[in-house]
Amino acid sequence: MQALEDDDDLDFENSDGDDDTGDTETDSNGSSDEFLREMSEKDEKIKSLVDMGFSEDEANMAITRCGDVDLWELVDSISASRITKDSHSRNLSDHQITDRCFDSFGGRKKARLMEESKKKRNRYGGRAQGNQPSLDGSHDEPMPLPNPMVGFNLPGYLQPSVTRILPKQDTGPPFFYYENVAQAPKGVWATISRFLYDIQPEFVDSKHLCATARKRGYIHNLPIENRSPLLPMPPKTIFEAFPHYKKWWPSWDLRTQLNCLRTNVASAKLTERIGRALASSDSPPARSVQKYVMNECRKGNLVWIGKNKVAPLEPEEMEYLLGFPKDHTRGLGITERYKSLGNTFQVDTVAYHLSVLKVMFPNGVNVLSLFTGIGGGEVALHRLGIHMKAVVSVEIRKANKRIFRGWWDQTQTGTLIEIDDVKSLTDDRIVSFVSRFGGFDLVIGGSPCNNLAGCNRYNRDGLEGEQSALFYHYFRILNAVKSAMARM
DNA sequence: CATAGCATGATGTCTCTA
DNA sequence: TAGAGACATCATGCTATG
């Protein structure tokens, strides 16, 4: 849901800020000693795992079990053994555990995956979303994006009704709902899906529900029958959403919907250049000018606000398109508003998926909200008329917390507990919350997309990237909630 | 120090065509 | 079937300004 920056309002609840001054100084230039190098790599991994909330013992055991493998495989292994311990809640067989570790050595599972790979490629006609920048090449399970990107079903669409049956141990409680960008680097969704109990992602482009595109993947264990959309349904075209732009919209701009709302908007210099290019050309403009203008308009989501005059959307217009109440983000600077809005849920889309909760929880829900952002999930629940008895919200950006707290105070009567950082939400604290509230009904959140998003020029390094790796905390926390609730 | 403004490609998928 | 082109993308880093 949110993009997390490391230079922004970092005030951790716990004093985990001294991690970097730890005992694992890596000597990158001097040491010719292979042994020392391996040891410091091992220390690095242990440090990262401890950082994620695992114990040092667990980290050590995992490295012993699996050898020199990627970080995520170690997390996988630890979690697998944890879950085995909770065998009364979830029966993961020894066979699966060994298979996972075996896989780490590039064993028979690799061959099996390759087989499945081929089958799926054939089944989906060769269309495959790319795969992970895999270091060992063993995780290239394809995760094709559907076309059209409409998920399991959508309101008003006549399509074959998809049914799915989840294994009993995955159906909850709690229900969980995870979100991230659909067009992630290769293999990312395959990995996310594997961690989240091999549940197939539901890919939805919000352009089928509103006037702006938003291609996202959602993994959840909610029922998919008897969903209902928020009413009134939002406008699905630009002119329906903003009729006044019709006046200046040139006939050769054929757009009927907007592209994905992002965290930045086009500069005034750029819109000026476009204006000058149009002013100095014929009417209608030459083919090449049209092409230039249209390219910039599509990239920057520009709209026509005057003769030869384009501009980016206002924050208020983005709030509207995304399903938020007017002025939801008001009070922040404009840059901060764009950043917050660019990173949030499309409320109608998420609400459609969550709508099944209404009849299941007539007395309200307890929610664990990770990466809350400006509260897209909570706004969706509220608009569905689902009461929130308690929300434990984890969000690191002060600006977002301010917005969310303001909305909560004005609209809600339940309990809100705010936590700054997923890293500080330890297993112990989770046990304590579960005991206090009698368990969570919904664990919801979209983990940072910074290192997955296509428009990141610098650090698009996948699920292991600095911010996007926080996905593993979503996974850790979800499992902690599951096992704590299983012991209730 | 906080904020705003600005410029900065790569990695994919899909479509069309030779 | 290969290749070229069209198209989309929850952003980061630098700089100026108070």
Side-chain angles (χ1 to χ4, degrees), chain A residues 1-9 121 124-133 142-149 178-189 203-207 212-218 254-255 257-273 290-292 294-301 312 315 318 321-322 329 332-347 349-350 371-374 376-377 397-400 445-462 465-468 470-471:
Chain A
M1 180 190 289
Q2 76 157 119
L4 194 131
E5 325 81 46
D6 45 11
D7 61 344
D8 194 286
D9 309 345
R121 278 202 189 97
Y124 291 103
R127 279 201 323 266
Q129 179 223 13
N131 282 319
Q132 173 171 317
M143 186 64 72
L145 295 177
N147 187 9
M149 198 182 281
Y178 173 81
E179 177 261 9
N180 216 320
V181 289
Q183 290 159 299
K186 294 182 177 182
V188 166
W189 274 106
F203 291 107
V204 184
D205 187 340
S206 294
K207 77 177 183 183
T212 183
R214 210 164 182 81
K215 298 177 183 63
R216 297 293 180 268
Y218 307 88
L254 302 175
R255 291 176 298 161
Q257 293 189 299
L258 293 159
N259 280 333
C260 184
L261 305 183
R262 307 217 292 272
T263 56
N264 280 346
V265 294
S267 67
K269 297 255 186 205
L270 175 67
T271 57
E272 242 176 70
R273 279 198 295 273
Q290 282 185 28
K291 194 172 171 181
Y292 161 72
M294 282 314 303
N295 190 37
E296 296 300 337
C297 282
R298 273 192 276 257
K299 272 201 301 185
N301 255 340
M318 293 191 179
L321 290 168
L322 292 168
T329 60
L332 302 178
I334 193 165
T335 310
E336 294 291 288
R337 291 182 77 180
Y338 282 130
K339 186 178 291 190
S340 295
L341 288 162
N343 281 318
T344 194
F345 288 163
Q346 205 286 325
V347 170
T349 309
V350 171
F371 313 106
T372 302
I374 57 174
R397 262 188 78 200
K398 277 198 177 126
N400 285 341
S447 63
C449 64
N450 305 36
N451 311 112
L452 311 180
C455 45
N456 187 340
R457 263 99 149 148
Y458 300 93
N459 306 301
R460 194 186 186 191
D461 25 48
E466 188 176 348
Q467 287 83 31
S468 294
L470 291 179
F471 159 73

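Within every chain, numbering begins at 1; the chains are lettered A, B, ... in the order of the sequence lines, protein sequences first and strands thereafter.
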Heavy-atom nearest pair, A/Met149 first then A/Arg216, reads SD-N, 4.4 Å
Report the distance from atom [atom1] of [X] to atom [atom2] of [N], rounded to the nearest whole Å.
{"X": "A/Leu321", "N": "C/dC10", "atom1": "CG", "atom2": "C1'", "answer": "15 Å"}
{"X": "A/Lys339", "N": "B/dA2", "atom1": "NZ", "atom2": "P", "answer": "12 Å"}
{"X": "A/Asn451", "N": "C/dT9", "atom1": "CG", "atom2": "C1'", "answer": "15 Å"}
{"X": "A/Asn180", "N": "C/dT9", "atom1": "CG", "atom2": "C1'", "answer": "13 Å"}
{"X": "A/Leu470", "N": "C/dC10", "atom1": "CG", "atom2": "P", "answer": "18 Å"}
{"X": "A/Asn295", "N": "C/dT9", "atom1": "CG", "atom2": "C1'", "answer": "13 Å"}
{"X": "A/Tyr338", "N": "B/dT3", "atom1": "OH", "atom2": "P", "answer": "17 Å"}
{"X": "A/Phe345", "N": "C/dC10", "atom1": "CZ", "atom2": "C1'", "answer": "11 Å"}

Would you say [X] reaches [N]'s phosphate, i.e. side-chain N/O to OP1/OP2 under 4.0 Å?
{"X": "A/Asn459", "N": "C/dG13", "value": "yes"}
{"X": "A/Asn450", "N": "C/dT12", "value": "yes"}
{"X": "A/Arg457", "N": "C/dG13", "value": "no"}

Base-pair string, DNA chain C, Watson-Crick plus G-U, cut-off 3.5 Å on both distances, | for inter-strand, is |||||||||.||||||||
For A/Cys260, is there any backbone N or O sitting under 3.5 Å from a side-chain donor or acceptor partner on A/Asn301?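 It does hold such a pair.
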Hey, is the main chain of A/Ser447 close enough, under 3.5 Å, to the side chain of A/Asn180 for a donor-acceptor pair? yes
Nearest-0.5 Å distance, SG of residue A/Cys449 to CD of residue A/Gln183: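 Atom-to-atom, A/Cys449:SG and A/Gln183:CD are 12.0 Å apart.
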Between NZ on residue A/Lys339 and CD1 on residue A/Ile374, distance to nearest 0.5 Å: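 Answer for the NZ-CD1 pair, A/Lys339 versus A/Ile374, is 13.5 Å.
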A/Thr349: side-chain hydrogen bond (donor to acceptor under 3.5 Å, both in side chains) partners, not counting sequence neighbours: A/Ser206, A/Gln346
Could you work out, with ring pair (Phe, Tyr, Trp, His ring centres under 6.0 Å) as the rule, every residue matching A/Tyr338, not counting sequence neighbours? none
On a whole-Å scale, what distance lies between the P atoms belonging to B/dC14 and C/dC10?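 Nearest-Å result for B/dC14 against C/dC10 at atom P: 15 Å.
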List the residues meeting salt bridge (charged side-chain N to carboxylate O under 4.0 Å, His left out) with [X], not counting sequence neighbours, and say none if there are none.
{"X": "A/Lys269", "answer": "none"}
{"X": "A/Lys207", "answer": "none"}
{"X": "A/Arg255", "answer": "A/Asp253"}
{"X": "A/Arg337", "answer": "A/Glu319"}

Taking only residues two or more places apart in sequence, or in another chain, which ones meet A/Asn459 in a side chain to side chain contact (heavy atoms under 4.5 Å, CB included)?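 Side chain to side chain contact (heavy atoms under 4.5 Å, CB included) check on A/Asn459 returns A/Asn451, A/Asn456, A/Asp461.
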At a cut-off of 3.5 Å, list every protein nitrogen or oxygen paired with a nitrogen or oxygen from nucleotides 4-7 of chain B, distance to 0.1 Å.
| unit_1 | atom_1 | unit_2 | atom_2 | d |
| --- | --- | --- | --- | --- |
| B/dA4 | OP1 | A/Ile334 | N | 3.2 |
| B/dA4 | OP2 | A/Thr335 | N | 3.4 |
| B/dA4 | OP2 | A/Thr335 | OG1 | 3.0 |
| B/dA4 | O5' | A/Thr335 | OG1 | 3.2 |
| B/dC6 | OP2 | A/Ala268 | N | 2.8 |
| B/dA7 | OP1 | A/Arg273 | NH1 | 3.2 |
| B/dA7 | OP2 | A/Ser267 | OG | 2.9 |

Generate the contact string for nucleotides 1-8 of chain C. Rules: B means base contact, S means sugar-phosphate contact only, - means no protein heavy atom under 4.0 Å. -----SSS
